[in-house]
Amino acid sequence: MWGGRFASGPAEIMEEINASIGFDKRLAPQDIRGSLAHVAMLGRTGILPPADVAAIEAGLKTVQAEIEAGSFTFARALEDIHMNVESRLREIVGPAAGRLHTARSRNDQVATDMRLWVRDTLDALDAQAADLQRALAEAALRHAGTVMPGFTHLQSAQPVTFGHHLLAYVEMLGRDRGRFRDARARLNECPLGAAALAGTSFPIDRHDTARALGFDRPTANSLDSVADRDFALEALAAAAIAAVHLSRFAEEIVIWTSAQFGFVRLSDRFTTGSSIMPQKRNPDAAELVRAKAGRVIGALSGLLIVMKGLPLAYSKDMQEDKEGTFDALQTLSLCLAAMAGMVRDLEPVPEVLKQAAGAGYATATDLADWLVRELGLPFRDAHHVTGRLVGLASARGVGLEALTLPEMQAEEPRITDAVYAVLGVENSVASRTSYGGTAPGNVRAQAERWLEALGGE
Ligand code: ARG
């Protein structure tokens, strides 16, 4: 491969540790796209004669067709996708193929290929996240008024609506998508033409290749162009945060589908059985989404650690950017699809949710607020009165609404029977009309706002 300087080939184990073709062959479409842009530019600038450009272009298209047809033979001895493509090009077009690598190195080539792959993948993830948002917002609209318990510390806190809970994830996904787009905007500079590390003495036109490949501009520093992978790190960081969001929702699905909670039902399409326990309906897809977040986070830490000690410019260490990045972004894609499927499948059980919403004295804050609003008590005093009433009800094993008016008046004589209205969970959620609060009207408006915004995409 290296010609003149080398008298013998590599040791078997050298070839094995060195080769990346096993995983970078997936960059073939990006590699060929980059080469087509490069050779066209070499022609336009007069660096290569038109005949060579035409031969190379035709040859690259043949290689592309062979790869697409599955008839291309990838050789480990040729190390990576770049050398595999070039070697086959030489078989097809002869010595002219050797001119393709003028004013280019595999260092700027691989940096370009990876940026193109990450860019395409971020776009696809953005679209998938939008689809999950749509599924969530549609369900939120249907369940804007379906009361469920809201938790803090996984203890009953205050009633909320199922729609409100789902919209919380729509907001998170909205920020995830913002991060995908930010990462995309920053990565969209073209390293091609940085060559090995110092640029080139040929009169290339880097603006031309950047434009042809859909980049906003060429990168400004040749060393930086071949030496950094922050674009992959940033995509992985955005992916890791999104995976954590999905994992938290998955965890809630696991909890909600348990017999003890019974808040929601998943159909047979999204559950599995047990080989021994006939009653089991396991939420495996949710569990796997929860677990796969670990892989995505692992890929981010893995690449951060690969990069942290590297002197400029390129080091072979950077070949290790690929498997983790490919795996993590594909994993996130699978998780987004699985979550969208589950959300569309998920049916809340309103009776169970409503009953649970009232358990655990979830309307105690409503009682305290009533004492403040109607009787003018300072909130701290109202908190104490309410606490004593909760203690009384709890000692008797009943809900707040089961206390009699005289019992309540024993704690605070000015309480009237109007207080019972705020002890119901429906009233509680209906009263939370502050901006961003859980009142069904708010939830409906937010769901509609999202659906409208998502509809245009
Ligand atoms: N397969 C290599 C990689 O992924 C391509 C760049 C090789 N460059 C080099 N100087 N050996 O990083």
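Values below: all heavy atoms of this structure, side chains included; hydrogens, waters and symmetry mates excluded. Quick caveat: nothing in here was measured; it's all calculated off a predicted structure.
- The pair E234-R179 does not meet the salt-bridge criterion, since no charged nitrogen lies less than 4.0 angstrom from a carboxylate oxygen.
- Contact record, P159 with V425: CG-CG1, 3.8 Å, taken as the closest heavy-atom pair.
- Judged by distance alone, with hydrogens and angles left aside, the side-chain atoms of T112 form a donor-acceptor pair with the main-chain N or O of L192 at under 3.5 Å.
- Inter-residue side-chain proximity for L197 and N107 is flagged as unmet; no heavy-atom pair is nearer than 4.5 Å.
- Of all heavy-atom pairs between F249 and V343, the closest is CE2-CG2, 3.6 Å.
- Panel note: side chain T102, backbone R99; a donor-acceptor pair is recorded below 3.5 Å.
- Ion pairing between a basic and an acidic side chain is recognised when a charged N comes within 4.0 Å of a carboxylate O; E452 and R449 show no such pairing.
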Walk me through whether L136 and L132 qualify under side chain to side chain contact (heavy atoms under 4.5 Å, CB included).
CA-CA 6 Å; L136 286 162; L132 176 54; 4.0 Å; yes
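- Residues L36 and L60 approach most closely at CD2-CD1, 3.8 Å, considering heavy atoms.
- I204 is not listed as a side-chain neighbour of T45, based on a closest heavy-atom distance of 4.5 Å or more.
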Could you go step by step and tell me if D345 and S267 meet the side chain to side chain donor-acceptor pair (under 3.5 Å) rule?
CA-CA 6 Å; D345 193 72; S267 80; 2.7 Å; yes
For side chain to side chain contact (heavy atoms under 4.5 Å, CB included), just list the numbers for L336 and S333, CA-CA rounded to whole Å, side-chain angles, deciding distance to a tenth of an Å, and then say yes or no.
CA-CA 5 Å; L336 284 164; S333 165; 5.6 Å; no
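- Salt bridge status for R290 with E251: present, with a side-chain N to carboxylate O gap under 4.0 Å.
- Taking CE from M83 and CG from L89, the interatomic distance works out to 12.5 Å, rounded to the nearest 0.5 Å.
- The structure places OG1 of T121 at 11.0 Å from CZ of F180, a figure rounded to the nearest 0.5 Å.
- At a threshold of 4.5 Å between non-hydrogen side-chain atoms, the residues R44 and D205 do not count as touching.
- One N or O on the side chain of R206 and one on the backbone of C190 form a donor-acceptor pair closer than 3.5 Å.
- Within the model, atoms CG of D230 and CG of L236 stand 11.5 Å from one another, a figure rounded to the nearest 0.5 Å.
- Side-chain atoms of M114 and F231, non-hydrogen and from C-beta on, do get closer than 4.5 Å to each other.
- In this structure, the side chain of T363 does not engage the main chain of D366 through any donor-acceptor pair within 3.5 Å.
- If you take CG on L173 and CG on L246, they are separated by 6.0 Å, rounding to the nearest 0.5 Å.
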Determine, step by step, whether V110 and Q319 satisfy the side chain to side chain contact (heavy atoms under 4.5 Å, CB included) criterion, reporting the C-alpha distance in whole Å, the side-chain angles of both residues, the deciding distance to 0.1 Å, and the verdict.
CA-CA 9 Å; V110 73; Q319 179 167 287; over 6 Å; no
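- Between E252 and F263 there is no side-chain heavy-atom pair separated by less than 4.5 Å.
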Salt bridge (charged side-chain N to carboxylate O under 4.0 Å, His left out) evaluation trace for E287 with K292
CA-CA 9 Å; E287 295 169 80; K292 284 177 192 293; over 6 Å; no
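- The closest side-chain donor-acceptor pair between T73 and R88, if any, does not fall under 3.5 angstrom.
- A side-chain donor-acceptor contact under 3.5 Å links N188 to the backbone of G214.
- Judged by the 6.0 Å distance and 45° axis criteria, R26 is positioned over the aromatic ring of F326.
- No donor-acceptor pair closer than 3.5 Å links the side chain of E15 to the backbone N or O of G9.
- Heavy atoms from other residues, nucleotides or ligands lying under 6.0 Å from CZ of R281 number more than 12.
- Counting only distance, with no hydrogens or angles, the side chain of R115 and the backbone of E189 share a donor-acceptor pair below 3.5 Å.
- The stretch residues 28-73 participates, sequence neighbours left out, in these ring pair (Phe, Tyr, Trp, His ring centres under 6.0 Å) pairs: F72-F74.
- When the shell of 6.0 Å around CZ of R344 is examined, it contains more than 12 heavy atoms from other residues, nucleotides or ligands.
- Aromatic ring pairs are classed by plane angle as parallel below 30°, tilted from 30° to 60° and perpendicular above 60°; the pair H383 and F379 is perpendicular.
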Could you give me the CA-CA distance, side-chain angles and deciding distance for L346 and L266, then say whether side chain to side chain contact (heavy atoms under 4.5 Å, CB included) is met?
CA-CA 5 Å; L346 202 76; L266 281 172; 3.5 Å; yes
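- Residue K25 comes nearest to G22 through the heavy atom pair CE-O, 4.0 Å, listed as atom of the first residue, atom of the second, then distance.
- Contact between L42 and L100 at its shortest, heavy atoms only, is CD1-O, 3.9 Å.
- Although no hydrogens or angles enter the test, the distance criterion places no donor-acceptor pair under 3.5 Å between the side chain of T271 and the main chain of P283.
- Heavy-atom minimum distance, W450 versus A137: CB-CB, 4.2 Å.
- With respect to D126 and R177, a salt bridge is recorded, a charged nitrogen being found less than 4.0 Å from a carboxylate O.
- The main-chain N or O of G324 is never found under 3.5 Å from a side-chain atom of D327 such that the two would form a donor-acceptor pair.
- For the pair T161 (side chain) and A144 (backbone), a donor-acceptor distance under 3.5 Å is present.
- Considering only heavy atoms from C-beta on, I81 comes within 4.5 Å of V85 through its side chain.
- Atom CD of E448 sits about 10.5 Å away from atom CD of Q446, to the nearest 0.5 Å.
- To the nearest 0.5 angstrom, L329 atom CG is 6.5 Å from L122 atom CG.
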Could you list the donor-acceptor pairs under 3.5 angstrom formed by side chains in residues 304-315, with sequence neighbours left out?
none

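- Between the side chains of E79 and S20, not a single donor N or O lies within less than 3.5 Å of an accepting N or O.
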From CA spacing to verdict: salt bridge (charged side-chain N to carboxylate O under 4.0 Å, His left out), E320, R229
CA-CA 11 Å; E320 287 292 315; R229 292 292 182 268; over 6 Å; no
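- Taking the six-membered ring for Trp and thresholds of 30 and 60 degrees, F162 and W256 have ring planes inclined between 30 and 60 degrees apart.
- Q158 has its side chain out of reach of P149: every pair of non-hydrogen atoms, C-beta onward, lies at least 4.5 Å apart.
- The shortest distance between side-chain heavy atoms of H245 and D176 falls below 4.5 Å.
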